[in-house]
Asker: 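Pasting in a structure now, in structure tokens, and then I'll have a few things to ask.
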Amino acid sequence: MKTNIKKLLITGIVLSAFTSCKKDDVGPPNPGNYIVAVSPVASTGVADYLLTAASLDEGSVTTKGHGVEQDGTYRYYMTANNKFFSMLYGQGNPGAVTTYDIKNGMLNKVSDFQSETVQAFAPVNNDILLMKISRSITNKLSNFYIVNTNSLLITGEGTINNQIPSSNGELAHFTWIRQFGDKVFAPYMSIKGCCGDSFGTAYPDSSWIAVYSYPKMELEKVIKDNRTSYIGAYFLDGTAVDEKGDLYAFSSAAATTAGKVTSKKPSAIVRINKGTTAYDFSYYLNFEELSGGYKIGNWLYVGKGNFVVSMNAMNAADKYNFAVVNVYDKSFKKVSGLPSGSEINSVTSTNYTKKDGIGYVGITLKTGISYVYKIDATTASATQGLRVDGGTITAIAKLN
């Protein structure tokens, strides 16, 4: 691994949130510590607006006269060290990274800098780790960047060879990264990276996690399990850590070859215990069997072993199903109180949880109106909350 350290001063700018429309064409303000990213309704690609809200349980927000407009069409978001990071997906080109905090219920921009377009990112210690991941067998090197969340300096960068973890002639394409103990865990898809089948694989029925030291990002070992297909999905975190410090991971069993799903393993949940770097082979939850044939599409940990799960069905018309699965007692309940799949236009993949049995999911209806739904894991029931006018919810977060 080759590592070069740079220290780039990121210009600090403190600005009040600015309005997006004329002063005589505004909706009611809703200052607060919640942040809702909204993509306005438009015929072509438009930039997100960041709105604030005092509550996710009630009230309304609107893009009419409110919101901090983001640069560029595609944005992804994360929170770390009580800061909100808005990152432009530059589609291969460098993209702006804008950092915000909350002042008196309003967003304040505290920094602007540029980073390469990355496909995975996560808080690690007091940093955020960003990774630009290779998907071509002719370019085996991936880049990582370390940003300190206190100084807002880029304090490290380097490269890693993504053919080394797989050691099977294919590339290890990380689906996401996560700090686990003092290590960085990187679940990955084994992909061909060539031949007109870039994300296809000859190894559809195994899962792997590459374990790296931090901050040097040196490969220490690879964890392997043949009970599932790969963990997570492209640009989708398939892991979560509970209050006990154990890591749970899901597989959608969606590995493909030549565009066809070839995994013979079921969608399932596995575990790595706190302080270890190996799968706990005494634990296995066959989600497909438990749910009656559904596969996990995404999940949100809400505490006490409960996950709010969005599910994919074999029938493509059967969309937007949610359930609560408890990984401790292996129970399963479908969520009631949500709109029917035929009423839903989209569901955001970046949601918020209080980690007390309550999760919040952003849903945009075909009517064009969006709502944040409150899901109670104890009762597996949903309640309509914050109304969002003027666009599609793309992310939900909170700062103190």
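Keep in mind it's a predicted model, so treat the numbers as computed, not measured.
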Asker: At what distance, to the nearest 0.5 angstrom, does CE of Met106 lie from CG of Asn30?
Answerer: 10.0 Å
Asker: Whether the Thr364 and Ser370 side chains hold a donor-acceptor pair (N or O, under 3.5 Å, no angle test) is what I'd like checked.
Answerer: yes
Asker: How close do Glu288 and Pro266 get, heavy atom to heavy atom, and via which atoms?
Answerer: OE1-CA, 3.1 Å
Asker: Determine whether a donor-acceptor pair (N or O, by modelled atom type, separation under 3.5 Å) exists between the side chain of Asn312 and the backbone of Tyr294.
Answerer: no
Asker: Looking only at side chains, do Asn125 and Gln179 share a donor and an acceptor under 3.5 Å apart?
Answerer: yes
Asker: Can you say whether the rings of Tyr352 and Tyr34 are parallel (under 30°), tilted (30 to 60°) or perpendicular (over 60°)?
Answerer: perpendicular
Asker: Taking atom types as modelled and ignoring hydrogens, do the side chains of Ser381 and Asp376 form a donor-acceptor contact shorter than 3.5 angstrom?
Answerer: no
Asker: Can you check side-chain contact (heavy atoms from CB on, under 4.5 Å) on Glu58 and Arg387, steps first, answer last?
Answerer: CA-CA 7 Å; Glu58 58 186 3; Arg387 172 172 169 151; over 6 Å; no
Asker: As an exercise, state the distance from CG of Asn161 to CG of Leu141, rounded to the nearest 0.5 Å.
Answerer: 5.5 Å
Asker: Any side-chain heavy-atom pair from Leu171 and Ser134 closer than 4.5 angstrom?
Answerer: yes
Asker: Using side-chain heavy atoms (C-beta onward) and a distance below 4.5 Å, is Ile269 in contact with Trp299?
Answerer: yes
Asker: Looking only at side chains, do Arg135 and Ser198 share a donor and an acceptor under 3.5 Å apart?
Answerer: no
Asker: Hey, what do you get for CD1 (Ile393) to CG (Asp48), rounding to the nearest 0.5 Å?
Answerer: 11.5 Å
Asker: Hey, would you say the Tyr234 and His173 ring centroids sit under 6.0 Å apart?
Answerer: yes
Asker: Is there a side-chain contact between Phe180 and Val241 (heavy atoms, below 4.5 Å)?
Answerer: yes
Asker: Taking Ser251 for the side chain and Ser229 for the main chain, is one N or O donor matched with an acceptor at less than 3.5 Å?
Answerer: yes
Asker: Tyr76 side chain to Val118 main-chain N or O, any donor-acceptor pair under 3.5 Å?
Answerer: yes
Asker: Does the Lys NZ or Arg CZ of Lys244 fall within the cation-pi geometry relative to Tyr328 - under 6.0 Å from the ring centre and within 45° of the axis?
Answerer: yes
Asker: Is there a side-chain contact between Val211 and Phe185, using heavy atoms and a 4.5 Å cut-off?
Answerer: yes
Asker: Kindly compute the distance separating OG1 (Thr367) from CD1 (Ile344), expressed to the nearest 0.5 Å.
Answerer: 11.0 Å
Asker: Please verify the inter-ring angle class for Tyr188 with Trp208; under 30° counts as parallel, over 60° as perpendicular, anything in between as tilted.
Answerer: parallel
Asker: Identify whether the distance between the nearest side-chain nitrogen and carboxylate oxygen of Lys304 and Glu243 falls below 4.0 Å.
Answerer: no
Asker: What's the verdict on ring-ring contact (aromatic ring centres under 6.0 Å, His included) for Tyr301 and Tyr248, showing C-alpha distance, side-chain angles and the deciding distance?
Answerer: CA-CA 10 Å; Tyr301 186 63; Tyr248 290 85; 7.7 Å; no
Asker: Under 3.5 Å, is there a donor-acceptor pair between the Thr175 and Asp237 side chains?
Answerer: no
Asker: Could you walk me through whether Leu56 and Lys374 pass the side-chain contact (heavy atoms from CB on, under 4.5 Å) test, one step at a time?
Answerer: CA-CA 8 Å; Leu56 296 178; Lys374 175 183 177 181; over 6 Å; no
Asker: Name the orientation class of the two ring planes belonging to Tyr100 and Phe84 (parallel below 30°, tilted from 30 to 60°, perpendicular beyond 60°).
Answerer: tilted
Asker: Decide whether Asn150 and Asn81 meet the rule of one side-chain donor and one side-chain acceptor closer than 3.5 Å.
Answerer: yes
Asker: Taking the side chain as every heavy atom from C-beta outward, state whether Leu107 and Thr52 have any atom pair closer than 4.5 Å.
Answerer: yes
Asker: May I ask you to test the Gln163-Glu170 pair for a side-chain heavy-atom distance under 4.5 Å?
Answerer: no
Asker: Check the side chains of Thr350 and Thr348 for a donor-acceptor pair under 3.5 angstrom, ignoring hydrogens and angles.
Answerer: no
Asker: Can you give me the closest heavy-atom contact between Phe322 and Ser310, atom names plus distance?
Answerer: CE2-CB, 3.8 Å
Asker: Quick one: do Thr79 and Leu399 satisfy side-chain contact (heavy atoms from CB on, under 4.5 Å)? Show the steps, please.
Answerer: CA-CA 8 Å; Thr79 57; Leu399 296 181; 4.1 Å; yes
Asker: May I ask you to check whether Ser263 and Asp205 show a side-chain donor-acceptor distance below 3.5 Å?
Answerer: yes
Asker: Does the pair Lys274 and Asp246 meet the rule for a salt bridge (Lys or Arg N to Asp or Glu O under 4.0 Å), with working shown?
Answerer: CA-CA 5 Å; Lys274 179 182 179 181; Asp246 298 331; over 6 Å; no
Asker: Could you check whether any side-chain N or O of Thr149 sits under 3.5 Å from a backbone N or O of Ala80, counting only pairs where one atom can act as donor and the other as acceptor?
Answerer: no
Asker: Measuring from atom CE of Met217 to atom CD1 of Ile177, what distance do you get when rounded to the nearest 0.5 angstrom?
Answerer: 6.5 Å
Asker: Just checking, any donor-acceptor pair under 3.5 angstrom between side chains of Glu343 and Ser340?
Answerer: yes
Asker: Side chains of Thr159 and Asn143 only: does a donor on one sit below 3.5 Å from an acceptor on the other?
Answerer: no
Asker: Hey, does Phe281 have a side-chain heavy atom less than 4.5 Å from the side chain of Val270?
Answerer: no
Asker: Please check if the side chain of Tyr320 supplies one atom and the backbone of Asn345 the other of a donor-acceptor pair under 3.5 Å.
Answerer: yes
Asker: Can you find a side-chain donor-acceptor pair between Ser267 and Ser252 that sits under 3.5 Å?
Answerer: no
Asker: Less than 4.5 Å apart, any side-chain heavy atom of Tyr360 and any of Thr353?
Answerer: no
Asker: Examine distances only and state if a side-chain atom of Asp127 and a backbone atom of Ile146 form a donor-acceptor pair shorter than 3.5 Å.
Answerer: no
Asker: Hydrophobic clustering (ILVMFWY, side-chain heavy atoms < 4.5 Å, transitive) - are Leu300 and Phe121 grouped together?
Answerer: no
Asker: Would you say Glu289 has more than 12 foreign heavy atoms packed within less than 6.0 Å of its CD?
Answerer: no
Asker: Apply side-chain contact (heavy atoms from CB on, under 4.5 Å) to the pair Lys295 and Phe287, showing each step before the final yes or no.
Answerer: CA-CA 7 Å; Lys295 297 176 182 287; Phe287 183 82; 5.7 Å; no
Asker: Does a side chain donor of either Asn273 or Tyr283 reach within less than 3.5 Å of an acceptor in the other side chain?
Answerer: no
Asker: For Arg178 and Thr239, indicate whether the former's side chain and the latter's backbone hold a donor-acceptor pair under 3.5 Å.
Answerer: yes
Asker: Checking Asn326 against Ser331: is there a side-chain donor and acceptor pair closer than 3.5 Å?
Answerer: no
Asker: Nearest 0.5 Å, please: how far is CG in Asp242 from CG in Asn306?
Answerer: 11.0 Å
Asker: Think Lys221 forms a cation-pi with Tyr212, using NZ or CZ under 6.0 Å from the six-ring centre and within 45 degrees of its axis?
Answerer: no
Asker: Just by distance, with hydrogens left out, do Arg227 and Tyr284 show a side-chain donor and acceptor under 3.5 Å apart?
Answerer: no
Asker: Okay, side chain of Lys366, backbone of Ser342: is any donor-acceptor separation there less than 3.5 Å?
Answerer: yes
Asker: Measure from the side-chain N and O atoms of Ser213 to the backbone N and O of Glu218, and report whether any donor-acceptor pair falls under 3.5 Å.
Answerer: yes
Asker: Is it possible for you to say whether Ile396 and Leu386 belong to one hydrophobic cluster, with membership spreading through side-chain heavy-atom contacts below 4.5 Å?
Answerer: yes
Asker: Just checking, any donor-acceptor pair under 3.5 angstrom between side chains of Gln384 and Tyr373?
Answerer: yes
Asker: Indicate yes or no: does Lys83 engage Asp101 in a salt bridge with an N to O separation below 4.0 Å.
Answerer: no
Asker: Ignoring hydrogens and geometry beyond distance, is a side-chain donor-acceptor pair present between Tyr230 and Thr201 at under 3.5 Å?
Answerer: no
